[in-house]
2 protein chains.
Amino acid sequence: MTIDHDGMVPVYRQLAAILREAIHRGDYLPGRAIPSENRLMQEHGLARETVRKAIGVLADEGLVQAVHGRGVFVVERPSG
Amino acid sequence: MTIDHDGMVPVYRQLAAILREAIHRGDYLPGRAIPSENRLMQEHGLARETVRKAIGVLADEGLVQAVHGRGVFVVERPSG
DNA sequence: AAATATTTGTACGTATGTATG
DNA sequence: GCATACATACGTACAAATATT
């Protein structure tokens with residue numbers, strides 16, 4: 001999965017979609033953390049704000065939950 | 001205080017006036033920070049650039065001073 | 001206990017693109 | 001064309017919570 005900077009879909013939504021699918025595939029398991037913001041920045045070549053926006057989308061969906069100083073965790077029971 | 005999007009006065013100047021009066025009232029004290037850009041965006045339903053322009057007006061007046069990574073502070077000695 | 005590293009939280013600085021009047 | 005306004009995106013800085021050494 002690659003980010004298209006010139007596409008019509010905002011980059012942060014593209015990243016959100018990538019992470020969402022990875023979670024649904026089981027790449028990131030419930031109760032465990034997804035890669036850190038810094039890792040996502042490096043791996044996708046994005047700014048932190050963009051990464052955090054993507055995570056925010058998934059958090060709004062109830063898919064993940066960020067914990068200060070620990071990481072962003074996949075929730076056991078996605079609300080929806 | 002509410003923003004009038006259809007008025008003759010630009011929104012960022014309306015917001016500047018709102019913040020200026022709040023400072024003069026003492027809602028925001030010298031040496032302390034006014035609400036963050038994000039908060040002002042949310043509370044007034046405005047875009048960041050608009051909020052930043054309003055802050056820019058007050059900064060030009062010497063009423064506030066933005067500090068990178070910290071906030072926008074009410075100055076102790078308004079120049080004027 | 002202390003120092004360091006990791007990670008998320010918050011906040012300002014800058015730039016670009018799009019749309020409207 | 002220009003000023004206004006919104007959305008997106010990258011850059012830089014500091015703070016707080018947690019983890020590691």
Side-chain angles (χ1 to χ4, degrees), chain A residues 1-20 22-23 28-75, chain B residues 1-20 22-23 28-75:
Chain A
M1 289 300 297
T2 311
I3 300 289
D4 175 17
H5 284 262
D6 298 326
M8 284 170 299
V9 179
V11 174
Y12 74 94
R13 288 192 184 281
Q14 292 181 51
L15 178 57
I18 290 172
L19 295 175
R20 190 186 301 110
I23 290 171
Y28 308 131
L29 299 175
R32 302 213 48 189
I34 68 174
S36 71
E37 294 175 356
N38 277 333
R39 278 200 72 78
L40 292 174
M41 287 167 63
Q42 292 168 2
E43 290 176 1
H44 296 90
L46 301 176
R48 192 176 171 201
E49 186 192 81
T50 308
V51 170
R52 285 178 61 78
K53 268 199 173 185
I55 292 172
V57 170
L58 302 184
D60 286 345
E61 296 173 358
L63 250 180
V64 302
Q65 182 178 14
V67 181
H68 195 171
R70 298 206 6 112
V72 177
F73 296 86
V74 181
V75 301
Chain B
M1 287 301 298
T2 310
I3 301 289
D4 175 17
H5 284 263
D6 298 326
M8 286 169 298
V9 180
V11 173
Y12 75 93
R13 288 192 184 280
Q14 292 182 48
L15 178 57
I18 290 172
L19 294 175
R20 190 185 301 112
I23 290 171
Y28 308 131
L29 300 176
R32 302 214 47 190
I34 68 174
S36 72
E37 293 177 354
N38 278 332
R39 277 200 74 76
L40 293 174
M41 287 167 62
Q42 293 168 2
E43 290 176 0
H44 296 92
L46 301 175
R48 184 162 183 211
E49 189 191 80
T50 308
V51 170
R52 285 176 60 76
K53 273 197 174 184
I55 292 172
V57 170
L58 302 184
D60 287 344
E61 296 172 358
L63 250 181
V64 301
Q65 182 178 12
V67 180
H68 195 171
R70 306 250 322 149
V72 176
F73 297 85
V74 180
V75 302

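Every chain is numbered from 1, with letters handed out A, B, ... down the list of sequences. Basis for what follows: all heavy atoms, side chains included, without hydrogens, waters or symmetry-related copies. Everything numeric in this text was worked out from a predicted model, so none of it was measured.
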Set of residues satisfying side-chain hydrogen bond (donor to acceptor under 3.5 Å, both in side chains) with respect to [X], sequence neighbours excluded:
X	result
A:Glu49	none
A:Arg13	none
B:Glu37	B:Arg48, B:Arg52
A:Gln42	none

| task | For each nucleotide in nucleotides 15-21 of chain D, reading 5' to 3', give B when a protein heavy atom comes within less than 4.0 Å of its base, S when such contact involves only the sugar-phosphate, and - otherwise. | result | SBBSS--

Would you list the protein and nucleotides 18-21 of chain C atom pairs, both N or O, that sit under 3.5 Å from each other?
none

| Considering only C:dG9, D:dT8, C:dC12, which nucleotide approaches the side chain of B:Ser36 most closely? | C:dC12

| remark: Looking only at C:dT8, D:dC6, C:dC12, the nucleotide nearest the B:Val72 side chain is C:dC12

| Does a distance-only test, which skips hydrogens and angles, find a donor-acceptor pair under 3.5 Å between the side chain of B:Glu49 and the base of D:dC6? | yes

| For B:Ala17, which residues count as a side-chain contact (heavy atoms from CB on, under 4.5 Å) partner, sequence neighbours excluded? | B:Arg20

| query | Which residues pass the side-chain contact (heavy atoms from CB on, under 4.5 Å) test with B:Tyr28, sequence neighbours left out? | reply | B:Leu19, B:Ala22, B:Ile23, B:Ile34, B:Pro35, B:Val74

| field | A:Val64 side chain near A:Phe73 side chain, heavy-atom distance below 4.5 Å | value | no

| query | What parts of residues 5-14 of chain A reach DNA chain D, counting only heavy atoms under 4.0 Å away? | reply | A:His5, A:Pro10, A:Val11, A:Tyr12

| Of all of residues 39-47 of chain A, which get a heavy atom below 4.0 angstrom from DNA chain C, listed by number? | none

| B:Thr50 side-chain N/O to D:dC6 phosphate OP1/OP2 under 4.0 Å | yes

| C:dT8 phosphate, OP1 or OP2, under 4.0 Å from A:Arg52 side-chain N/O | no

| So what is the end-to-end bend of the helix from C:dA2-D:dT21 to C:dG21-D:dC2, with 5 pairs used at each end and the value given to 10 degrees? | 10°

